[in-house]
Amino acid sequence: MRSKAKSAGILGAVTIAVIALAIALPQLGGKEGGAQEPGKAFVPPGKLDEYYLFASGGHSGQVYVYGIPSMRRIRTIPVFTPDPATGWGYDEHSKKMLGGYTWGDVHHPALSETRGEYDGRWLFVNDNANNRVARIDLKTFTVGQILGPVPNIMGPHCAAFVTPNTEYFMMPSRFSAPIPTGTYAPLSEYGKKYYGVLAAIAVDPKSGEMRVGWELLLPPWQYDLSDAGKKVSEGWAFLTTYNTEEATTVLEKNASKNDRDYIIALNWREVEKAVQAGKFTTIAGVKVVDPTKVPGLVYLIPVAKSPHGVDVSPDGRYIVASGKLQPTATVYEFAKIQEAIKKKDFAGTVRGLPVLNYESVRVAEVPVGLGPLHTQFDDKGFAYTSLFLDSAIAKWQLGTWKVVDKVQIHYNVGHLAAAEGDSVSPDGKYLVSLNKMAKDRFLSVGPSHPESLQLIDISGPKMRVIADAPVDPEPHYAQIVKADKIKTIEIHPKESKRPYSVWSPKDARIERKGNEVHVYMYAIRSRFVPDNVEVNQGDRVFFHITNNDLDEDLTHGFGISLYNVNMEIQPGETKTLSIVADKPGVYPFYCTNFCSALHQEMQGYLLVKPKK
């Protein structure tokens, strides 16, 4: 036993040293991997990109939008973090949605789908820090709803997909914890009182409104990434696990002792039936199903230790997972998984859940290279696997399981995003490498560097890096959708009955209700009506502002000097901002978003009379 423990310790130390060396040193083939082909990514002035790329903004709490193939950054969508440029988190509506939180950790954007195809309606993103999910409405590229904190889950890093008809956005936990949230239990009771939990967020098919549908109780492991079954495997979901050792300290060593961890194969259609049959316990107001008490819901599939991604092929036949400490990508066949379940071809049980026989469900171990993390697919039957330690991408063929090409990237790639790559019909053409390190790729801005996105042409037999783009920390994951699938609006429709709206200067007014003052303001190039507002010190002042410029891209802003507030009002939009007028004196307010040649003249005064 001592010999085995000593060997495991040495192996862990060597593994850590190799990873550290790979991060610290520039990777092989720098010039070759960065040899770009001028013009391939060039989009001439006046022409538009073919695709949108939506990249997670990590601990910025935002989403970054790029055009493909130009790699031009088009927009930052504020989601879980206040943004003074747009006033997100400053106006009353968005402030309420943020719920008092001032940061979030966006990891995995997921586009809404219909029959497994991106449909361009919504984008869902998870908040790994605060157990929330947001829905971005792609008509306006603004957040329509934030749900959470979702009860019982903790750190939904594994939230990475919607089901093929956007029935659910699944949110499995990264961190196991006692439930309900807020329950205390010492770490000495980790194996008995801590749980992993998956929350199935139900999505209304017409409005997109989200609610917690049900939750699934899972072992106290950590859940990394996930994907939905497609076509033949529709109705199933697959999650990677790590730390099946159930370690609570020094995880870099203690969570890598087992040779294998597991993929969770989850039949979510059967979970729905269990909920309908009343086979659940209510915890913190949520219906929670325990798969150890309801057989046939969850199966464990052995996989090389510490896997990161699990990815389902476009036809749903194959599930690809990679132990990030192994040099291979393991491929499982869904038909073999079903056959093993039918025959009860199990290798035992772990924590009350059946373990499928590895040899019965595995069809290939593809020698892709060092540090495989995540796999994407094209339209020609090829798969592309990111190699963190090699700083490379391997291209290999489904069916033959042969690696046919590799390309170096810069540096330490994490996720990949292919054009329509998570749908049932990928486009091929382009692949974006989301790199954790940029090192020497851009002009120095000091000790902290931007991360790097690299665009790769995958239309031919050989992959070619054709563009670099810096990106703020941290692009965990991205999805790429055809631009013509997204139908944005140019202006907000004029709605005469919209609460607080003002559509004529004669309707602009100031109303007092006790110590509340409501300013119903009309905004148009290049003035506010009213443009002088007098209140008493201590009043709560609400500015209800309607932008009456019904022309595309004529956005107004509204900021008040020394009152620490600002917001933007898009064409045809009404927004409300409030302050407590606690400082006596005279304070200019003005349009903060350039709107016309007389933009400087669009201003007024807030006059605060001191208390007597």
Side-chain angles (χ1 to χ4, degrees), residues 8 12 15 107-108 126 128 131 150 152-161 170-181 183 185-200 215-227 236-268 271 283 288-294 297-310 319 321-326 330 332 346-356 358 373-374:
T15 300
H107 274 250
H108 304 121
N126 60 333
N128 188 52
N131 308 335
V150 175
N152 304 322
I153 65 173
M154 189 61 70
H157 181 278
C158 198
F161 72 92
M170 299 289 190
M171 299 181 72
S173 296
R174 172 182 172 183
F175 308 108
S176 290
I179 57 173
T181 305
T183 301
L187 288 172
S188 59
E189 298 184 277
Y190 185 90
K192 294 181 179 179
K193 295 187 177 180
Y194 285 63
Y195 299 91
V197 177
L198 176 149
E215 293 182 342
L216 190 70
L217 213 57
L218 293 171
W221 304 335
Q222 289 173 287
Y223 299 86
D224 199 351
L225 281 173
S226 55
D227 201 2
W236 287 74
F238 304 91
L239 330 174
T240 53
T241 70
Y242 65 104
N243 192 24
T244 54
E245 296 85 352
E246 301 179 15
T248 60
T249 184
V250 195
L251 265 64
E252 61 181 348
K253 179 182 72 172
N254 294 328
S256 299
K257 290 181 177 180
N258 294 343
D259 285 337
R260 296 188 183 278
D261 287 303
Y262 299 104
I263 295 170
I264 299 280
L266 159 65
N267 189 334
W268 60 263
V271 179
I283 303 175
V288 181
V289 178
D290 184 346
T292 64
K293 297 177 180 178
V294 186
L297 306 183
V298 172
Y299 300 89
L300 306 180
I301 304 173
V303 65
K305 69 171 70 176
S306 302
H308 186 55
V310 58
I319 298 94
S322 307
K324 61 190 176 189
L325 303 181
Q326 301 295 320
T330 306
Y332 306 87
F346 303 147
T349 61
V350 173
R351 283 194 162 272
L353 301 173
V355 181
L356 301 185
Y358 177 74
L373 294 183
H374 180 55

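Remember, it's a predicted structure, so these values are computed and weren't measured experimentally.
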Exercise. Got a donor-acceptor contact below 3.5 angstrom from the N254 side chain to the T249 backbone?
Worked result: yes
Problem set entry | Side-chain (N126) to main-chain (P156) donor-acceptor, under 3.5 angstrom | yes
For this session: Could you grab the distance from atom OG1 of T240 to atom CD1 of I301, nearest 0.5 Å is fine?
Result: 12.0 Å
Seminar exercise, completed: Tightest non-hydrogen contact, residues G191 and E246, listed as CA-OE1, 3.8 Å
For this session: Walk me through it: do K257 and K305 pass the test side-chain contact (heavy atoms from CB on, under 4.5 Å)?
Result: CA-CA 8 Å; K257 290 181 177 180; K305 69 171 70 176; over 6 Å; no
For this session: Decide yes or no on side-chain contact (heavy atoms from CB on, under 4.5 Å) for V271 and L266, but give the supporting numbers first.
Result: CA-CA 9 Å; V271 179; L266 159 65; 3.7 Å; yes
Problem set entry | Contact check, side chains of R351 and L300, non-hydrogen atoms, under 4.5 Å | no
Exercise. Between A159 and M171, which heavy-atom pair has the shortest distance, and what is it?
Worked result: CB-CA, 3.7 Å
Exercise. Which heavy atom of T181 sits nearest a heavy atom of N152, and at what distance?
Worked result: OG1-N, 3.1 Å
For this session: Would you mind reporting whether L325 and S256 have side-chain heavy atoms less than 4.5 Å apart?
Result: yes
Exercise. Nearest 0.5 Å, what's the CD1-CG distance between I263 and D224?
Worked result: 12.0 Å
For this session: Return the set of residues passing salt bridge (Lys or Arg N to Asp or Glu O under 4.0 Å) with E245 (not counting sequence neighbours), or none when no residue passes.
Result: none
Problem set entry | A255 backbone acceptor or donor facing Y242 side chain under 3.5 Å | no
For this session: Report yes if some heavy atom in the side chain of V303 is under 4.5 Å from a heavy atom in the side chain of Y332; otherwise report no.
Result: yes
Exercise. Just by distance, do the side chain of T244 and the backbone of D261 share a donor-acceptor pair under 3.5 Å?
Worked result: no
Exercise. Any donor and acceptor pair, going by atom type alone, linking the side chain of S173 with main-chain N or O of G196 inside 3.5 Å?
Worked result: no
Problem set entry | side-chain contact (heavy atoms from CB on, under 4.5 Å) between L218 and Y195, intermediate numbers included | CA-CA 6 Å; L218 293 171; Y195 299 91; over 6 Å; no
For this session: Nearest 0.5 Å please: distance from the CD atom of E215 over to the CD1 atom of I283.
Result: 8.0 Å
Exercise. Got a second to check how far D290's CG is from T292's OG1, nearest 0.5 Å?
Worked result: 3.0 Å
Exercise. Residues two or more places apart in sequence or in another chain: which of them pass ring pair (Phe, Tyr, Trp, His ring centres under 6.0 Å) with Y262?
Worked result: W221
For this session: Considering non-hydrogen atoms only, spot the tightest contact between I153 and N131 and give its length.
Result: O-ND2, 3.1 Å
For this session: Quick one: closest heavy-atom pair of P172 and Y223, and the distance?
Result: CB-CB, 4.3 Å
Exercise. Step by step, would you call W236 with N267 a side-chain contact (heavy atoms from CB on, under 4.5 Å)?
Worked result: CA-CA 5 Å; W236 287 74; N267 189 334; 3.4 Å; yes
Problem set entry | Gap between atom NZ of K193 and atom OG of S176 - 0.5 Å precision | 16.0 Å
Exercise. Quick one: CG on N243 to CZ on F175, what's the gap to the nearest 0.5 Å?
Worked result: 11.5 Å
For this session: Identify the heavy atoms of A177 and Y194 that sit nearest to each other, and give their distance.
Result: CA-CD2, 3.5 Å
